[in-house]
Amino acid sequence: MAGSRRPRAFMTYTGRFAPSPTGPLHFGSLLAALASYLDARHHNGQWLVRIEDLDPPREAAGASDAILRCLENFGFEWDGEVIYQSQRHEYYREHLQLLIAGQNAYYCNCSRQQLRQRSGSHLYDGYCLTHPPAGSEGCAIRCRVPATANPENATFSDRIQGLQLAYCSEDFVLFRRDGFFAYQLAVVLDDAVQKITHVVRGSDLLDSTPKQLQLQQRLNLPDLSYAHIPVAANDQGQKLSKQTFARALDDEPVPQLLAALEFLGQQPLQH
Ligand code: GLU
(Lines give C-alpha, C1' and ligand atoms only; values in the text may rest on other atoms or scores of the structure.)
Protein backbone atom coordinates (compact mmCIF):
# COMPACT_ATOMS: atom_id res chain seq x y z
CA MET A 1 0.00 0.00 0.00
CA ALA A 2 1.25 3.50 -0.75
CA GLY A 3 3.10 5.17 2.10
CA SER A 4 3.77 1.97 4.06
CA ARG A 5 6.69 0.37 2.25
CA ARG A 6 9.46 -0.88 4.46
CA PRO A 7 12.66 1.14 4.20
CA ARG A 8 15.25 -0.31 1.88
CA ALA A 9 18.86 -0.68 2.92
CA PHE A 10 21.78 1.14 1.25
CA MET A 11 19.75 3.57 -0.79
CA THR A 12 21.78 6.21 -2.57
CA TYR A 13 18.99 7.25 -4.89
CA THR A 14 15.95 9.32 -3.98
CA GLY A 15 13.68 10.41 -6.80
CA ARG A 16 10.34 12.15 -6.85
CA PHE A 17 7.21 13.02 -8.77
CA ALA A 18 6.04 16.57 -8.10
CA PRO A 19 2.70 17.29 -9.78
CA SER A 20 0.97 20.68 -9.61
CA PRO A 21 -2.72 20.05 -8.86
CA THR A 22 -4.06 22.21 -11.68
CA GLY A 23 -6.24 19.34 -12.87
CA PRO A 24 -6.29 15.55 -13.25
CA LEU A 25 -3.21 13.65 -14.43
CA HIS A 26 -2.95 13.24 -18.21
CA PHE A 27 -0.69 11.19 -20.45
CA GLY A 28 2.13 13.76 -20.15
CA SER A 29 2.05 13.55 -16.35
CA LEU A 30 1.96 9.77 -16.54
CA LEU A 31 5.23 9.84 -18.50
CA ALA A 32 6.95 11.91 -15.80
CA ALA A 33 5.53 9.75 -13.01
CA LEU A 34 6.46 6.50 -14.74
CA ALA A 35 9.96 7.51 -15.85
CA SER A 36 10.87 8.84 -12.39
CA TYR A 37 9.33 5.81 -10.67
CA LEU A 38 11.01 3.19 -12.83
CA ASP A 39 14.38 4.94 -12.70
CA ALA A 40 14.17 5.09 -8.90
CA ARG A 41 13.17 1.43 -8.56
CA HIS A 42 15.78 0.35 -11.10
CA HIS A 43 18.39 1.98 -8.85
CA ASN A 44 16.85 0.40 -5.76
CA GLY A 45 15.99 3.93 -4.68
CA GLN A 46 13.17 5.68 -2.94
CA TRP A 47 10.42 7.47 -4.84
CA LEU A 48 8.61 10.35 -3.17
CA VAL A 49 5.51 12.29 -4.15
CA ARG A 50 5.25 16.01 -3.52
CA ILE A 51 2.16 18.05 -4.32
CA GLU A 52 3.22 21.44 -5.68
CA ASP A 53 0.12 23.39 -4.65
CA LEU A 54 1.76 26.81 -4.63
CA ASP A 55 -0.59 28.68 -6.90
CA PRO A 56 -4.21 28.49 -5.63
CA PRO A 57 -5.74 30.52 -8.51
CA ARG A 58 -4.53 27.86 -10.97
CA GLU A 59 -5.56 24.88 -8.85
CA ALA A 60 -8.65 22.76 -9.30
CA ALA A 61 -10.68 21.79 -6.24
CA GLY A 62 -10.03 18.18 -5.26
CA ALA A 63 -7.20 17.76 -7.78
CA SER A 64 -4.55 16.76 -5.20
CA ASP A 65 -6.64 13.86 -3.89
CA ALA A 66 -7.62 12.85 -7.40
CA ILE A 67 -3.94 12.76 -8.42
CA LEU A 68 -3.01 10.52 -5.48
CA ARG A 69 -5.97 8.19 -6.15
CA CYS A 70 -5.01 8.00 -9.79
CA LEU A 71 -1.38 7.15 -8.95
CA GLU A 72 -2.57 4.37 -6.64
CA ASN A 73 -4.95 3.08 -9.27
CA PHE A 74 -2.06 2.89 -11.73
CA GLY A 75 -0.07 0.83 -9.22
CA PHE A 76 2.47 3.45 -8.14
CA GLU A 77 3.77 3.00 -4.60
CA TRP A 78 5.48 5.96 -3.02
CA ASP A 79 7.77 6.03 -0.01
CA GLY A 80 7.09 8.11 3.08
CA GLU A 81 4.49 10.82 3.49
CA VAL A 82 3.30 13.00 0.63
CA ILE A 83 4.34 16.60 1.25
CA TYR A 84 2.25 19.61 0.25
CA GLN A 85 3.93 22.88 -0.63
CA SER A 86 0.91 24.82 0.62
CA GLN A 87 1.92 23.73 4.14
CA ARG A 88 5.51 24.89 3.87
CA HIS A 89 5.20 28.66 3.53
CA GLU A 90 7.03 29.36 6.80
CA TYR A 91 10.05 27.44 5.56
CA TYR A 92 10.08 29.28 2.24
CA ARG A 93 9.72 32.63 4.02
CA GLU A 94 12.67 31.91 6.33
CA HIS A 95 14.88 31.02 3.39
CA LEU A 96 13.86 34.10 1.46
CA GLN A 97 14.94 36.18 4.46
CA LEU A 98 18.28 34.34 4.56
CA LEU A 99 18.80 34.96 0.86
CA ILE A 100 18.02 38.65 1.28
CA ALA A 101 20.27 38.96 4.35
CA GLY A 102 23.11 37.33 2.38
CA GLN A 103 22.53 39.69 -0.57
CA ASN A 104 21.58 36.76 -2.75
CA ALA A 105 18.08 38.11 -3.29
CA TYR A 106 16.42 41.53 -3.37
CA TYR A 107 13.03 43.21 -3.51
CA CYS A 108 11.74 44.40 -6.86
CA ASN A 109 8.60 46.38 -7.68
CA CYS A 110 9.12 46.74 -11.44
CA SER A 111 6.14 45.98 -13.64
CA ARG A 112 6.53 44.21 -16.98
CA GLN A 113 5.52 47.45 -18.65
CA GLN A 114 8.26 49.44 -16.90
CA LEU A 115 10.79 46.82 -17.89
CA ARG A 116 9.67 46.89 -21.52
CA GLN A 117 9.85 50.69 -21.59
CA ARG A 118 13.29 50.70 -20.01
CA SER A 119 15.10 47.98 -21.88
CA GLY A 120 12.74 46.79 -24.61
CA SER A 121 13.37 43.26 -23.40
CA HIS A 122 11.42 40.84 -21.25
CA LEU A 123 14.64 39.91 -19.41
CA TYR A 124 15.03 41.67 -16.11
CA ASP A 125 17.70 44.37 -16.15
CA GLY A 126 18.57 44.41 -12.43
CA TYR A 127 17.13 47.88 -11.89
CA CYS A 128 15.99 47.31 -8.28
CA LEU A 129 19.37 45.99 -7.27
CA THR A 130 20.74 49.51 -7.65
CA HIS A 131 17.43 51.34 -7.00
CA PRO A 132 15.86 49.45 -4.07
CA PRO A 133 12.12 50.06 -3.56
CA ALA A 134 11.21 52.11 -0.47
CA GLY A 135 9.32 49.24 1.19
CA SER A 136 8.64 45.56 0.65
CA GLU A 137 4.84 45.89 0.23
CA GLY A 138 3.66 44.58 -3.16
CA CYS A 139 7.21 43.63 -4.19
CA ALA A 140 8.54 40.54 -5.86
CA ILE A 141 11.78 39.02 -4.58
CA ARG A 142 14.41 38.16 -7.16
CA CYS A 143 17.41 35.87 -6.96
CA ARG A 144 20.61 37.71 -7.69
CA VAL A 145 22.54 36.04 -10.50
CA PRO A 146 26.15 37.21 -10.66
CA ALA A 147 27.45 38.18 -14.11
CA THR A 148 29.33 35.35 -15.80
CA ALA A 149 32.34 36.17 -17.95
CA ASN A 150 32.03 33.03 -20.10
CA PRO A 151 28.45 31.82 -20.00
CA GLU A 152 29.24 29.08 -22.50
CA ASN A 153 31.52 27.45 -19.91
CA ALA A 154 28.72 26.98 -17.42
CA THR A 155 27.20 23.59 -18.20
CA PHE A 156 25.51 20.64 -16.61
CA SER A 157 25.18 17.12 -17.82
CA ASP A 158 21.67 15.79 -18.33
CA ARG A 159 21.43 11.98 -18.30
CA ILE A 160 19.15 12.01 -21.36
CA GLN A 161 19.71 15.33 -23.13
CA GLY A 162 23.51 15.39 -22.69
CA LEU A 163 25.56 18.50 -22.02
CA GLN A 164 23.38 21.59 -21.42
CA LEU A 165 24.08 25.25 -20.83
CA ALA A 166 23.65 26.15 -17.16
CA TYR A 167 23.68 29.85 -17.96
CA CYS A 168 21.02 31.85 -16.18
CA SER A 169 20.15 34.97 -18.14
CA GLU A 170 18.42 37.13 -15.52
CA ASP A 171 17.71 37.73 -11.84
CA PHE A 172 14.66 35.49 -11.64
CA VAL A 173 11.64 35.64 -9.35
CA LEU A 174 11.55 33.69 -6.07
CA PHE A 175 8.46 35.40 -4.67
CA ARG A 176 5.78 36.86 -6.89
CA ARG A 177 4.33 40.35 -6.71
CA ASP A 178 0.89 38.81 -6.31
CA GLY A 179 2.02 37.31 -3.01
CA PHE A 180 2.77 33.69 -3.99
CA PHE A 181 6.04 31.79 -3.65
CA ALA A 182 7.57 30.97 -7.00
CA TYR A 183 8.07 27.41 -8.26
CA GLN A 184 11.86 27.91 -8.55
CA LEU A 185 12.22 28.65 -4.83
CA ALA A 186 9.94 25.92 -3.55
CA VAL A 187 11.26 23.19 -5.85
CA VAL A 188 14.89 23.84 -4.86
CA LEU A 189 14.17 24.00 -1.12
CA ASP A 190 11.97 20.92 -1.16
CA ASP A 191 14.29 18.81 -3.31
CA ALA A 192 16.95 19.58 -0.68
CA VAL A 193 14.69 18.93 2.33
CA GLN A 194 13.54 15.63 0.86
CA LYS A 195 17.18 14.73 0.07
CA ILE A 196 16.34 14.15 -3.57
CA THR A 197 19.38 12.91 -5.48
CA HIS A 198 17.86 12.35 -8.94
CA VAL A 199 15.32 14.48 -10.80
CA VAL A 200 13.52 12.84 -13.73
CA ARG A 201 10.92 15.12 -15.35
CA GLY A 202 9.67 16.50 -18.67
CA SER A 203 12.03 18.43 -20.93
CA ASP A 204 9.61 21.38 -20.79
CA LEU A 205 11.36 22.08 -17.47
CA LEU A 206 14.85 22.06 -18.99
CA ASP A 207 14.76 25.89 -19.12
CA SER A 208 14.17 26.04 -15.38
CA THR A 209 17.18 23.91 -14.51
CA PRO A 210 19.83 26.69 -14.81
CA LYS A 211 17.79 28.79 -12.38
CA GLN A 212 17.53 25.91 -9.97
CA LEU A 213 21.27 25.22 -10.22
CA GLN A 214 21.95 28.89 -9.54
CA LEU A 215 19.73 28.92 -6.46
CA GLN A 216 21.24 25.67 -5.17
CA GLN A 217 24.64 27.36 -5.36
CA ARG A 218 23.42 30.47 -3.54
CA LEU A 219 22.07 28.23 -0.77
CA ASN A 220 25.08 25.86 -0.71
CA LEU A 221 22.88 22.88 -1.45
CA PRO A 222 24.16 19.59 -2.88
CA ASP A 223 24.15 18.94 -6.64
CA LEU A 224 21.41 16.79 -8.13
CA SER A 225 21.43 14.52 -11.14
CA TYR A 226 18.96 15.55 -13.89
CA ALA A 227 17.25 13.54 -16.60
CA HIS A 228 14.71 15.36 -18.80
CA ILE A 229 12.44 13.04 -20.76
CA PRO A 230 10.85 14.02 -24.09
CA VAL A 231 7.38 15.51 -23.69
CA ALA A 232 4.30 14.19 -25.43
CA ALA A 233 2.46 16.48 -27.86
CA ASN A 234 -1.07 16.49 -29.26
CA ASP A 235 -1.99 16.39 -32.99
CA GLN A 236 -1.23 20.12 -33.29
CA GLY A 237 2.25 19.62 -31.86
CA GLN A 238 1.35 21.30 -28.56
CA LYS A 239 2.68 19.91 -25.29
CA LEU A 240 -0.01 17.99 -23.42
CA SER A 241 -1.18 20.12 -20.52
CA LYS A 242 -4.27 21.51 -18.92
CA GLN A 243 -3.94 24.60 -21.15
CA THR A 244 -4.04 22.46 -24.29
CA PHE A 245 -6.99 20.45 -22.90
CA ALA A 246 -5.09 17.20 -22.50
CA ARG A 247 -7.47 14.34 -21.77
CA ALA A 248 -7.41 13.05 -18.17
CA LEU A 249 -6.12 9.52 -17.61
CA ASP A 250 -9.05 7.14 -17.40
CA ASP A 251 -9.74 4.11 -15.22
CA GLU A 252 -8.00 1.62 -17.50
CA PRO A 253 -4.37 1.73 -16.37
CA VAL A 254 -2.95 -1.09 -18.50
CA PRO A 255 -3.34 0.34 -22.04
CA GLN A 256 -2.15 3.74 -20.86
CA LEU A 257 0.84 2.26 -19.02
CA LEU A 258 1.76 0.24 -22.13
CA ALA A 259 1.50 3.34 -24.31
CA ALA A 260 3.61 5.33 -21.83
CA LEU A 261 6.28 2.61 -21.73
CA GLU A 262 6.38 2.53 -25.54
CA PHE A 263 6.70 6.32 -25.63
CA LEU A 264 9.63 6.05 -23.23
CA GLY A 265 11.37 3.65 -25.60
CA GLN A 266 10.69 0.48 -23.61
CA GLN A 267 9.40 -2.80 -25.05
CA PRO A 268 6.74 -3.67 -22.48
CA LEU A 269 5.41 -6.69 -24.33
CA GLN A 270 8.73 -8.38 -25.12
CA HIS A 271 10.14 -10.93 -22.67
N1 GLU B 1 5.21 20.86 -10.46
C2 GLU B 1 5.84 20.85 -11.74
C3 GLU B 1 4.85 20.49 -12.80
O4 GLU B 1 3.83 19.88 -12.49
C5 GLU B 1 6.98 19.85 -11.84
C6 GLU B 1 8.14 20.24 -11.04
C7 GLU B 1 9.38 19.40 -11.22
O8 GLU B 1 9.30 18.21 -11.54
O9 GLU B 1 10.43 19.96 -10.97
O10 GLU B 1 5.07 20.80 -13.95
Side-chain angles (χ1 to χ4, degrees), residues 13-22 32 36 39-40 45-55 58 80-108 124 129 139-146 148 151 154-159 161 164-229:
Y13 182 122
T14 303
R16 50 49 159 200
F17 176 54
S20 305
T22 52
S36 59
D39 197 52
Q46 297 192 83
W47 186 71
L48 310 184
V49 172
R50 176 171 76 228
I51 299 287
E52 300 209 321
D53 49 353
L54 272 184
D55 192 350
R58 290 185 57 231
E81 296 295 317
V82 173
I83 76 166
Y84 291 80
Q85 292 189 326
S86 56
Q87 293 168 13
R88 298 183 41 71
H89 289 186
E90 208 36 58
Y91 191 78
Y92 304 148
R93 202 166 285 123
E94 278 167 24
H95 282 79
L96 277 178
Q97 290 311 327
L98 285 176
L99 284 162
I100 291 173
Q103 302 195 340
N104 285 309
Y106 60 93
Y107 289 103
C108 168
Y124 190 63
L129 187 59
C139 286
I141 298 174
R142 289 182 180 270
C143 181
R144 188 170 167 192
V145 179
T148 315
T155 55
F156 70 97
S157 174
D158 185 279
R159 283 197 291 141
Q161 311 289 338
Q164 299 292 312
L165 273 186
Y167 175 60
C168 197
S169 53
E170 65 173 340
D171 292 355
F172 56 92
V173 171
L174 300 173
F175 182 77
R176 294 163 27 182
R177 284 185 78 195
D178 58 6
F180 296 116
F181 295 96
Y183 157 67
Q184 310 295 356
L185 175 77
V187 76
V188 164
L189 290 176
D190 288 344
D191 280 343
V193 158
Q194 295 191 289
K195 298 194 167 41
I196 301 298
T197 57
H198 291 72
V199 171
V200 179
R201 61 185 178 191
S203 54
D204 52 320
L205 290 165
L206 205 46
D207 283 358
S208 285
T209 310
K211 296 178 184 151
Q212 293 168 20
L213 294 171
Q214 181 65 234
L215 188 54
Q216 285 159 8
Q217 273 177 27
R218 310 273 108 214
L219 290 163
N220 286 320
L221 297 174
D223 291 343
L224 304 180
S225 156
Y226 288 96
H228 287 87
I229 60 167

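With hydrogens and angles disregarded, no donor-acceptor distance shorter than 3.5 Å links the side chain of Thr155 to the backbone of Leu165. Looking only at distances, no side-chain donor or acceptor of Asp191 sits under 3.5 Å from a matching main-chain atom of Ile196. Side-chain N or O atoms of Arg16 include none that pairs as donor or acceptor with a backbone N or O of Val49 at under 3.5 Å. Remark: the backbone N or O of Ser86 is paired with a side-chain donor or acceptor of Asp53 at under 3.5 angstrom. At least one donor-acceptor pair closer than 3.5 Å links the side chain of Asp158 to the backbone N or O of His228. Judged purely by atom type and a 3.5 angstrom limit, Glu170 uses its side chain to pair as donor or acceptor with the backbone of Tyr124.
Side chain to side chain, Asp39 and Tyr13 meet the donor-acceptor criterion of an N or O pair below 3.5 Å. Looking only at atom types and distance, the side chain of Ser203 has no donor-acceptor partner in the side chain of Gln161 under 3.5 Å away. Counting only N and O atoms by type, the side chains of Gln85 and Tyr183 include no donor and acceptor under 3.5 Å apart. Under the 3.5 Å distance criterion, with hydrogens and angles disregarded, a donor-acceptor pair is assigned to the side chains of Thr209 and Arg201. With no hydrogens or angles considered, no side-chain donor-acceptor pair links Tyr91 and Asp190 at under 3.5 Å. Side-chain contact check for Gln214 and Arg218: at least one donor-acceptor pair (N or O, by modelled atom type) lies under 3.5 Å. Side-chain contact check for Ser36 and His198: no donor-acceptor pair (N or O, by modelled atom type) lies under 3.5 Å.
A 4.5 Å side-chain heavy-atom check between Arg93 and Phe175 finds every atom pair outside the cut-off.
For Arg88 and Glu90, the salt-bridge test fails: no basic side-chain N is under 4.0 Å from an acidic carboxylate O.
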